[in-house]
Every structure is written in C-alpha cells, then in structure tokens.
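Scroll down for the structure; my scribbles are underneath it.
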Amino acid sequence: MCYDVETQLRRQLKKAVEVGAPSEEIDFLEHKIKQFVSDFGEDELSKNEHHWTMGFQHQKIPVITDEDPDNLQFFHWGLIPFWVKDKVTARKIANNCLNARSETMFDKPSFRAAAKERRCVIPLSGYYEHHWVDSKGKNKVPYFIKHKNGSPLFMAGLWETWLNKEKGEEVQTCTIATTKANNSLSRVHNRKLGDPRMLVILPFENVSDWLSPIEGNADIELLEALCIPYPDELLELYPVAQLRGKLGVGDMAQASEPFDYGLIGLP
DNA sequence: CCAGACGTTGTT
DNA sequence: GTCTGG
DNA sequence: CCAGACGTTGTT
DNA sequence: GTCTGG
C-alpha cells in the first residue's frame, strides 16, 4: 500500500542543507524550485506542496522528467497510458497505476512505453505505510518512512501524457516504481505470506542514470539494476497519527511527526 | 474475429 | 445515508 | 476521491 | 496501442 506521500519541496531543500548534502544534490532541488517560482509564482508552488496526499486523490506531485530535467513540474499521481480512450477507464487505470512493479514495468502494456521513454524522479520528504495491529487489519498504525538524516528521497517514477478527448485537454500523470521490501519495511507490513513491497528510492548519484535515454536491452538491465531495495540502515521509520478520515490529521505538518500509540510490540 | 483488458497491494 | 476499499 | 456495499445462516 | 480469451 504505497499510496501516501509527503512532497514538501521547501522542507526537503531545508533538510538537505541542514545535513550537509552534496552540493549537486542541493543545487538539483534549489535551482529547480527557484526557476519554478520565477516562472509560476510562489502561490503555485505552495498550492502543490503536500504534507500528506493519498494516491487516490490524484493530486499533483513533483516530478523531474527525462524530457525536461532542468525544470520542476507537477504531474497527477496515477499513471494514465496514452492509449486510454475515455475518462471512466482513465480513472480506473490511474487508481491501479499509482505504483509500477519495477520487475515487470518493461513488459506491461500500461507501463512499457513509459518505462522506455518517459522516466522521472519524484522527490519526497518521505512516504507512509500502514501497519496492521490485528490480523484483519481492522486497526492500522501509519508509519512515516524517511531518510535517516532527513535528506530528500528520490523515487524512481514513470510519466505519461494523456489526451482527454472529451475536454480536449492534456493531462500529465506519473507513477512510482516498487521493488521487494527491505527488512524494516517488511516488518511494518505485517501481513501473511506474500510479497512485501517498497518504493524504489534512488541514491542521488543514480538519479541522472535513471533519467538517461536508453539504447537497447543492456540499458534496460542497467535501469532494472537501479530498482533495488533501499538499505535498511539508511532509513528511519516511526508511527504517526492517523492520516485519513474524520480523525485523520490530513495534509498537515503533524502528519509526519512521531505519535505514541502506547502499544507494545510495534516494529 | 473482436470485445475487453491493460494493475497494484501482504487480496479486507 | 454512510462507511470502506482500492 | 468515489463506486459499491450495506447481511444472515451451522460451514462455500 | 497491443494482446488475449472465448
């Protein structure tokens, strides 16, 4: 259920500076944020900043595409393949394409064109996963997953442009790649046997590789080699207050602050 | 042929 | 009408 | 967000 | 757009 994210770019930039991230990493965000504000205004940036947004809302999240790697853009979360004909199908597919399995993204009709030609990175301050307190998942505790030192997380993503023919509008969408979960994320996902997943986090030094054009199968293998579980020791996970519903804190800074449920045995 | 799917996630 | 699962 | 469910029974 | 199941 990799369906909830924290996208605050200003916060990411602040943290990157605080922890003394490499200057290329700071510039990568700083320059793009500046450029975006200069092009579209501060209000447009704030409007797209989210402490919490859930995939099914299909709000816009920040992307840096292979096509325009110098600029920051905001695309709707939930990929709509170019061949979708109508709005109803688009919504249905977007709901199911919030994530793309990296192991199969070059084969699946919904993803293969984007995997080859339209990759992006999605900078996040962190994302959320729901831990099941009981065996039925009646009670869930959301966890926030962030870099241990607070640095931005660069997620591997794919993007598409879809033409809404009824409206005559182009809609730009994106999805976040997943891979096998590492140990700590498997523990947060405490369900029965199966195939626990996590989002693909790219070390900053691999971001440019992810955004580079590919020539053939050898290059596809290089991309696949980037889609591996992020090391446990570089991540920090902790429970946060309920995100959704009446009792949820929703799109507030509080969403990613630690919350004590007073429950023993939580991972 | 041709309608229907095309996907993910610990499948409540 | 209201809750829930995806 | 929004489509779909909304229930019971001694056992699908 | 392209593949698959009937």
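Naming: A, B, ... by sequence-line order, numbering from 1 per chain.
Comparing B:dC6, B:dT9, C:dG6 by their closest approach to the side chain of A:Met54 singles out C:dG6. Nearest nucleotide to the side chain of A:Gln57, out of E:dG1, B:dT8, D:dC1: D:dC1. In the set C:dG6, B:dT9, E:dG1, B:dT9 carries the atom at the smallest distance from any side-chain atom of A:Asn99.
Here A:Ala100 lies in heavy-atom contact (under 4.0 Å) with sugar-phosphate atoms only. Using a 4.0 Å heavy-atom criterion, one finds that A:Arg112 contacts the sugar-phosphate atoms exclusively. Residue contacts for A:Lys180: at a heavy-atom cut-off of 4.0 Å it reaches no nucleic acid atom on any strand shown. Counting non-hydrogen atoms under 4.0 angstrom, A:Lys108 reaches the backbone sugars and phosphates but no base.
A salt bridge links A:Glu103 with A:Arg197; the closest basic N to acidic carboxylate O contact falls under 4.0 Å. At a threshold of 4.0 Å, the pair A:Arg10-A:Glu42 counts as salt-bridged, since one of the basic side-chain nitrogens sits closer than that to a carboxylate oxygen.
Under the stacking definition used here (centres under 5.5 Å, planes under 30°), the residue A:Phe56 qualifies as stacked on the base of C:dG6.
The separation between A:Ile80 atom CD1 and E:dG1 atom C1' is 16 Å, rounded to whole Å. Put simply, NZ on A:Lys140 is 11 Å from C1' on C:dG6, counting in whole angstrom units. Put simply, CG on A:Asp86 is 13 Å from P on B:dG4, counting in whole angstrom units. For A:Tyr3 and C:dT4, the OH to P distance is 19 Å, given to the nearest whole Å. Distance A:Met198 CE to B:dT8 P: 17 Å, rounded to the nearest Å. Between the C1' atom of B:dC6 and the CE atom of A:Met105 lies a distance of 17 Å, rounded to the nearest Å. Put simply, CZ on A:Phe111 is 17 Å from P on B:dA5, counting in whole angstrom units. Atoms NZ (A:Lys92) and P (D:dC1) sit 20 Å apart, rounded to a whole Å.
In terms of hydrophobic clustering, with Ile, Leu, Val, Met, Phe, Trp and Tyr side chains grouped at heavy-atom distances under 4.5 Å, A:Leu124 and A:Leu13 are assigned to different clusters.
A close approach under 4.0 Å does not occur between any side-chain nitrogen or oxygen of A:Arg91 and OP1 or OP2 of D:dC1. Close to B:dC6, at under 4.0 Å from its OP1 or OP2, lies no side-chain N or O of A:Thr89. Within the 4.0 Å cut-off from OP1 or OP2 of B:dT8, not a single side-chain nitrogen or oxygen of A:Arg101 is found.
Taking atom P on both B:dC6 and D:dT11, the two are 35 Å apart, rounded to the nearest angstrom. When the P atom is used for both D:dG4 and B:dA5, the distance is 13 Å, rounded to whole Å. On the P atoms, C:dT2 is 15 Å away from D:dG7, given to the nearest whole Å.
The number of heavy-atom neighbours closer than 6.0 Å to CD of A:Glu67, taken from other residues, nucleotides and ligands shown, is 12 or below.
Pairing partner, B:dA5: E:dT2, with both Watson-Crick or wobble hydrogen-bond distances short of 3.5 Å.
Side-chain contact check for A:Glu170 versus A:Asn164: every heavy-atom pair is 4.5 Å or farther apart.
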Given ring-ring contact (aromatic ring centres under 6.0 Å, His included), test A:Phe28 with A:Phe154 step by step and report yes or no.
CA-CA 11 Å; A:Phe28 184 82; A:Phe154 298 95; 5.6 Å; yes
